[in-house]
Colleague: 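The structure follows.
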Amino acid sequence: MRSCGVFRLQQELVQFLEDFASKKSVFKNKKVFQPSYKPATILHRNDLIEQMAKILAPVLKLEKPSNLFVYGKTGTGKTLSVKDVAEGFNKLVISKNIPLKILYINCKLKRISDTEYRLIAQLAREFGKTIPPTGLPTDEVYKLFFNAVDESERAVILVLDEVDQLTKKTGSELLYNLTRINEELSKSFVSLIGISNDLNFVDALDPRVKSSLSEEELLFPPYNAVQIQEILNERAKEGFAKNKIGQGVIEKCSAYAAREHGDARRALELLRVSGELADRSNNQKVTTEHVDEAEEKIDRDRLLDAVSTQPKQAQAALYSIISTSSGKQPIFTGTVYEFYKELCTRTDLRPLTQRRLSDIISELDMLGVITARVISKGRYGRTREIVVPKTLQAANIRRILQDALNL
DNA sequence: AGTCCACAGGAAGGGCAGGCGA
DNA sequence: TCGCCTGCCCTTCCTGTGGACT
């Protein structure tokens, strides 16, 4: 009996896969919509790319260019443009045999470059050194890196993407050390390019680092709706099959993205998910309804994903918050902690201190799951006012957390 | 003007896992 | 195996604070 059931299931699966494979997709080349995809031409960024190339040009004569700081909100083409310039230089490096090495590091990548040690170790590895993931003293790793760079006469351009994430976690010590690197080198030199989403990042820096890192600055302004539309049109031509995009779809995607500070990445994601939804519902064309649906789906998925990948303690904290919040009245740290302690005894979870829970609450706030702001209730103390946003699908999230916490 | 609440949030340090060389 | 190093998560201890109340 059982094997018969399995057989039927398998048959259905094969049928499904066959259908899927033979089904016409609205996409022609989906890769076009990946964030890492580099289009042949980068629209609306010519000036900035040119400026960047000019700033870095001395490197071709083995003169040290100024350090450069690139900033602008997410999806304004910073990384893309820097990579484009780097590619241009790399072509020359090969054809003219220039001893130039351009390193790109994303400081946000977990477990690779989110601490001082890891980042420097990663850099040293780029120069062919083997560094253990942990174990060595940090100054030892610095030494290894410096020696590796200085092995021969050469120029190095170090691109630190999302550099603001780095100082958030490790302080500005690392950046300070990097800006001083040339004092340790005799044969080579290193120029830094910092990329940041945080517009106030430089101002918050240690003045010594600030003056050094931002010898030159480039601001990437947000795209406007028309520009995003052109970018989407360009990608859609490559990514979608002919006549698969309905009236107003591109316009709607651009409008949504422009509303959120001109984020082209988000616009592209929206377009891609709209296409996927059209495929899934067997539609021949992407419609504006798919865009609306996609917008909702993206938000939902992001949040649910963030919640389900949280550590147990953070999940317990969130569960406590959702459970104590009655909807209308805001709740406070103390109330949440009481519930949380009780929850811990129910679930055999080791209760953390209120101090720690307080940090977890502010982490959840930063994640965007809840809003928590510090308020004063006068005579009744100072605390955090925690609000579960109406848009949060509290019931859904509660269910996920119940599963995760075995409730 | 002073008090006092209920925390926020900084600093220091403990304990752990993971890795190294000797 | 041992001593030493790291990052990470956490506790303990502490000082700071906005504004209602007196």
Side-chain angles (χ1 to χ4, degrees), chain A residues 105-125 127-148 160 162-163 165-178 204-206 306-307 309-321 324-325 329-345 347-367 369-388 404-405:
Chain A
I105 297 269
N106 187 336
C107 305
K108 208 183 176 179
L109 286 182
K110 279 229 158 144
R111 316 243 167 256
I112 291 181
S113 49
D114 55 352
T115 68
E116 187 173 10
Y117 182 96
R118 284 175 183 165
L119 184 101
I120 302 297
Q122 182 61 30
L123 290 174
R125 281 188 207 110
F127 283 91
K129 298 278 167 190
T130 40
I131 309 279
T134 151
L136 292 179
T138 309
D139 52 338
E140 187 67 25
V141 187
Y142 268 107
K143 239 180 254 169
L144 282 169
F145 170 54
F146 291 162
N147 291 340
L160 299 170
E162 311 222 30
V163 64
Q165 295 295 321
L166 194 65
T167 50
K168 245 178 224 165
K169 284 205 147 186
T170 63
S172 57
E173 194 66 18
L174 167 59
L175 269 183
Y176 178 71
N177 288 336
L178 281 177
L205 275 178
D206 186 314
V307 167
T309 54
Q310 284 299 304
K312 271 246 156 50
Q313 292 286 4
Q315 290 180 333
L318 183 57
Y319 184 80
S320 307
I321 292 169
T324 31
S325 81
Q329 268 134 9
I331 43 165
F332 308 105
T333 309
T335 334
V336 173
Y337 189 60
E338 285 308 310
F339 187 97
Y340 162 82
K341 269 198 296 191
E342 195 261 325
L343 176 71
C344 283
T345 49
T347 54
D348 268 346
L349 201 63
R350 191 174 57 84
L352 301 175
T353 53
Q354 183 159 335
R355 175 71 188 84
R356 179 67 190 127
L357 191 84
S358 164
D359 279 345
I360 291 178
I361 290 175
S362 72
E363 281 161 26
L364 288 172
D365 174 44
M366 283 211 278
L367 205 65
V369 189
I370 54 167
T371 347
R373 64 191 180 102
V374 179
I375 56 149
S376 173
K377 293 192 287 171
R379 188 81 175 75
Y380 306 102
R382 207 163 155 268
T383 181
R384 267 205 190 81
E385 186 187 64
I386 305 163
V387 180
V388 179
L405 298 165

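To find a chain, count down the sequence lines: A is the first, B the second, and so on, and within it residues start at 1.
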Colleague: May I have the distance from A:L352 (atom CG) to B:dG15 (atom C1'), rounded to whole angstrom?
Modeller: 15 Å
Colleague: Treating primed atoms plus P, OP1 and OP2 as sugar-phosphate and everything else as base, which nucleotides of nucleotides 12-22 of chain C get B, S or - for protein heavy atoms under 4.0 Å?
Modeller: B---BBBBBS-
Colleague: What closest approach, in Å, do A:F332 and A:I375 show between heavy atoms, and which atom pair accounts for it?
Modeller: CE2-CD1, 3.8 Å
Colleague: Let me confirm one number: the OG1-CZ distance from A:T333 to A:R384, rounded to the nearest 0.5 Å.
Modeller: 6.0 Å
Colleague: Rounding to an integer number of Å, can you tell me how far A:D359 CG sits from C:dC10 C1'?
Modeller: 10 Å
Colleague: Please give me every residue in residues 313-320 of chain A whose heavy atoms get under 4.0 Å of an atom in DNA chain C, ordered by residue number.
Modeller: A:Q313
Colleague: Got a second to check how far A:Y340's OH is from A:L349's CG, nearest 0.5 Å?
Modeller: 5.5 Å
Colleague: I need the A:Q354 CD to A:E338 CD distance, nearest 0.5 Å.
Modeller: 8.0 Å
Colleague: Please give me every residue in residues 329-337 of chain A whose heavy atoms get under 4.0 Å of an atom in DNA chain B, ordered by residue number.
Modeller: A:T333, A:G334
Colleague: Can you measure from CG (A:L123) to CZ (A:F145) and round to the nearest 0.5 angstrom?
Modeller: 4.5 Å
Colleague: Atom CD1 of A:I360 to atom C1' of B:dA8: distance rounded to whole Å?
Modeller: 15 Å
Colleague: By the 4.0 Å heavy-atom rule, please label A:R373 as base, sugar-phosphate, or nothing.
Modeller: nothing
Colleague: Which atoms form the tightest heavy-atom contact between A:A306 and A:T309, and what is the distance?
Modeller: O-OG1, 3.3 Å
Colleague: If you take all heavy atoms of A:V387 and A:P330, which pair is closest and at what distance?
Modeller: CG2-CB, 4.3 Å
Colleague: Report the C-alpha distance between A:D365 and A:T371 in whole Å, list the side-chain angles of each, state the deciding distance to 0.1 Å, and finish with yes or no for side-chain contact (heavy atoms from CB on, under 4.5 Å).
Modeller: CA-CA 5 Å; A:D365 174 44; A:T371 347; 4.3 Å; yes
Colleague: For the side chain to side chain contact (heavy atoms under 4.5 Å, CB included) test, which of A:I360, A:L367, A:L318 pairs with A:Q310?
Modeller: A:L367
Colleague: How long is the line joining CD1 of A:I361 and P of B:dG9, in whole Å?
Modeller: 11 Å
Colleague: What integer distance in Å separates A:I386:CD1 from B:dA6:C1'?
Modeller: 13 Å
Colleague: If you look at every heavy atom in A:L405 and A:T347, which pair is closest and at what distance?
Modeller: O-CG2, 4.0 Å
Colleague: Looking at every non-hydrogen atom in both residues, tell me the closest pair between A:S325 and A:V388 and how far apart they are.
Modeller: OG-CG2, 3.5 Å
